[in-house]
Student: 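Next up is a structure, given as structure tokens.
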Amino acid sequence: MSKEPIFTLREILIWSAILGSVVGYQLWNHADPPPLTLDLTAIERHA
């Protein structure tokens, strides 16, 4: 029984392309997202 790697180089390239396109799409749609720290301070003020 030969031991194969979990991911081949081709699968890694495919997955990185898919994830990269998803992240790029999110960043393109939300060009200026509010910083996380501002959201956290707003939540803490309401609590």
Side-chain angles (χ1 to χ4, degrees):
M1 183 169 149
S2 63
K3 195 169 186 181
E4 296 182 7
I6 299 171
F7 292 112
T8 62
L9 181 60
R10 184 171 175 225
E11 288 174 330
I12 293 172
L13 290 174
I14 292 171
W15 280 110
S16 60
I18 292 171
L19 293 175
S21 62
V22 170
V23 171
Y25 179 76
Q26 293 291 329
L27 292 175
W28 185 265
N29 277 350
H30 308 287
D32 294 318
L36 185 60
T37 52
L38 290 181
D39 289 340
L40 290 176
T41 53
I43 292 170
E44 287 174 1
R45 283 187 197 140
H46 289 296

Student: Going by side-chain heavy atoms closer than 4.5 Å, which hydrophobic residues are tied to Leu9, directly or by a chain of links?
Tutor: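 Via sub-4.5 Å side-chain contacts, Leu9 links to Leu13.
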Student: List, by chain and number, the other hydrophobic cluster members for Leu19, where Ile, Leu, Val, Met, Phe, Trp and Tyr join if side-chain heavy atoms come within less than 4.5 Å, directly or indirectly.
Tutor: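 In the cluster with Leu19 there is nothing else; it is isolated.
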Student: Quick one: list whatever passes side-chain contact (heavy atoms from CB on, under 4.5 Å) with Ile18, sequence neighbours left out.
Tutor: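 With sequence neighbours excluded, Ile18 shows a side-chain contact (heavy atoms from CB on, under 4.5 Å) to Ile14, Trp15, given in chain and number order.
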